[in-house]
Amino acid sequence: MPEGHTIHRLARAQRKSFGGHVVHAASPQGRFAEGAALIDGRALRRTEAYGKHLLHHYDGGVLLHVHLGLYGTFSTGTGDPPQPRGALRLRLVGNANWADLRGPTTCELLEPAERTALLARLGPDPLRRDRDSAAALTRITRSKTSIAALLMDQTVVAGVGNVYRAELLFRHRVDPYLPGRALTDVRWMAMWDDLVVLMTAGLRTGRIVTLAAADRPRQRGVLTREQSVYVYRRAGLPCRVCGSAIRTETVVGRNLYWCPTCQTAVV
DNA sequence: GCTAAATGTTGAT
DNA sequence: TCAACCTTTAGCT
């Protein structure tokens, strides 16, 4: 289940698995049968991630667009793929690898102009080299909308999801309900730079770990998810910094988590 | 084994 | 504001 780092990771893995050679595509479920037929037998030239959107560039200008949504997943393997089961939207089979896509919000082919329009409506992606942090700065520091809502708006910043939102706000001790325009340029740029660091680490490891080493419980072994974050899904549990109960409230349809004591920074 | 919730977005009401 | 998408997992029985 994906925020931007997951999609960039997929783009990288799929480039490695399928890039440069012919791919066979099918849609056993039937919902993407026409698209799969157009992809089938073409070589994959390039993969691309922008925010939470994944793109495959195939020979002949065929462009696949996938958005996993909340619970879309790819399962992958090598050798012969298993018998298709359940609602399998798209199966890709390369020389040695296969990938099965289930439950995506979007799986479609795009015309070049549609790709341009898609990318044009996305804000800067902290994981892209061409990121334009000034664009997000302008949107945020002029807005009356709460910073918690702005961070989930993909036209403001592309790739941030509910975990990074809650954790970023905590790490900077920012009250989620502050309007964007209450943030100084310096405050937002510190948050942006942190987002780049956090998401780059997420891309490298495949996990979201936002807890600073100093705040981690001293113990051996792999951190559980609950031990990797400050506030996300920790409602009612004590804040790792001050001990106050972590609160949760729905903001534009998503559960926000925050510490009412720590997150009162003067911006 | 069952239920609810989940790292998301769109489109109808 | 809410249902839909329709998978996976955590937490309960």
Side-chain angles (χ1 to χ4, degrees), chain A residues 1-11 13 27-32 35 49-55 65-77 82 84-91 99-108 110 114 117-123 125-127 145-146 148-171 176 195 198-211 222-237 246 248-258:
Chain A
M1 295 171 200
E3 297 194 22
H5 68 297
T6 306
I7 309 309
H8 280 261
R9 219 174 141 78
L10 281 170
S27 179
Q29 169 197 55
R31 276 186 57 178
F32 187 56
Y50 204 125
K52 298 167 189 168
H53 299 263
L54 175 66
L55 299 168
H65 172 219
V66 172
H67 192 298
L68 292 179
L70 185 54
Y71 45 70
T73 55
F74 277 99
S75 48
T76 59
R85 276 185 307 278
L88 178 48
R89 186 77 61 87
L90 175 64
R91 165 170 285 178
D100 283 355
L101 172 63
R102 293 166 200 280
T105 290
T106 303
C107 176
E108 63 184 1
L110 292 186
E114 293 175 312
L118 169 70
L119 300 192
R121 68 178 162 79
L122 294 175
D125 177 347
L127 290 177
T145 305
S146 71
L150 287 166
L151 282 170
M152 293 296 278
D153 183 342
Q154 301 296 298
T155 71
V156 175
V157 180
V160 172
N162 208 21
V163 184
Y164 281 124
R165 163 176 79 165
E167 293 299 306
L168 186 72
L169 290 169
F170 181 88
R171 283 169 60 93
L195 204 45
L198 291 173
M199 292 183 72
T200 301
L203 169 58
R204 191 175 61 248
T205 63
R207 300 191 57 200
I208 297 179
V209 177
T210 58
L211 203 56
V222 182
L223 294 175
T224 66
R225 185 177 62 186
E226 200 273 332
Q227 294 167 335
S228 306
V229 294
Y230 284 100
V231 293
Y232 178 70
R233 284 238 244 175
R234 295 192 67 246
L237 295 173
I246 299 302
T248 185
E249 252 171 37
T250 302
V251 175
V252 281
R254 312 301 306 284
N255 291 325
L256 169 71
Y257 302 85
W258 83 105

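All chains are named by letter (A, B, ...) in the order of the sequence lines, taking the proteins before the strands, and each is independently numbered beginning at 1. Quick caveat: nothing in here was measured; it's all calculated off a predicted structure. Side-chain atoms are counted along with the backbone in the values below, which use heavy atoms only and exclude waters and symmetry mates.
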* Separation between the C1' atoms of dA5(B) and dA3(C), rounded to whole Å -> 16 Å
Using the P atom as the reference point in each nucleotide, state the distance between dC5(C) and dC2(B) in Å, no decimals. 22 Å
Rounded to whole Å, how long is the line connecting atom [atom1] of [X] with atom [atom2] of [N]?
X: H67(A); N: dG11(B); atom1: NE2; atom2: P; answer: 13 Å
X: L90(A); N: dT7(C); atom1: CG; atom2: C1'; answer: 16 Å
X: N255(A); N: dA6(B); atom1: CG; atom2: C1'; answer: 9 Å
X: H53(A); N: dT9(B); atom1: NE2; atom2: C1'; answer: 9 Å
X: L101(A); N: dT8(C); atom1: CG; atom2: P; answer: 11 Å
X: H5(A); N: dT7(B); atom1: NE2; atom2: P; answer: 13 Å
X: R254(A); N: dC2(C); atom1: CZ; atom2: C1'; answer: 14 Å
X: F74(A); N: dT8(C); atom1: CZ; atom2: C1'; answer: 16 Å

For residues [X] and [Y], determine if any side-chain heavy atom of one lies less than 4.5 Å from a side-chain heavy atom of the other.
X: L68(A); Y: K52(A); result: no
X: Q154(A); Y: H53(A); result: no
X: H67(A); Y: L118(A); result: no

Have a look at [X] and say if it touches a base, only the backbone sugar-phosphate, or nothing, with a 4.0 Å heavy-atom cut-off.
X: R9(A); result: nothing
X: Y232(A); result: sugar-phosphate
X: I208(A); result: base

Testing dT7(C), dT7(B), dT9(B) for proximity to the side chain of N162(A), the answer is dT7(B)
Return the [atom1] to [atom2] distance between [X] and [Y], rounded to the nearest 0.5 Å.
X: R171(A); Y: L168(A); atom1: CZ; atom2: CG; answer: 8.0 Å
X: L88(A); Y: R102(A); atom1: CG; atom2: CZ; answer: 5.0 Å
X: L198(A); Y: L203(A); atom1: CG; atom2: CG; answer: 12.5 Å

Only residue of F170(A), Y164(A), Y257(A) satisfying ring pair (Phe, Tyr, Trp, His ring centres under 6.0 Å) with Y232(A) is Y257(A)
Any stem touching DNA chain C, meaning at least three consecutive Watson-Crick or G-U pairs under 3.5 Å, ordered by first number, would be B:1-6 with C:7-12, B:8-12 with C:1-5
Please tabulate the protein-to-nucleotide N/O contacts below 3.5 Å involving nucleotides 3-5 of chain C, giving atom names and distances.
| residue | atom | partner | partner atom | Å |
| --- | --- | --- | --- | --- |
| dC5(C) | O3' | R31(A) | NH1 | 3.3 |
| dC5(C) | N1 | Y71(A) | OH | 3.3 |

Does [Y] offer a backbone N or O that forms a donor-acceptor pair with the side chain of [X] under 3.5 Å?
X: D100(A); Y: R91(A); answer: no
X: E167(A); Y: Y230(A); answer: yes
X: E3(A); Y: V163(A); answer: yes

By nearest-heavy-atom nucleotide on DNA chain B, the more 5' of V252(A) and R233(A) is R233(A)
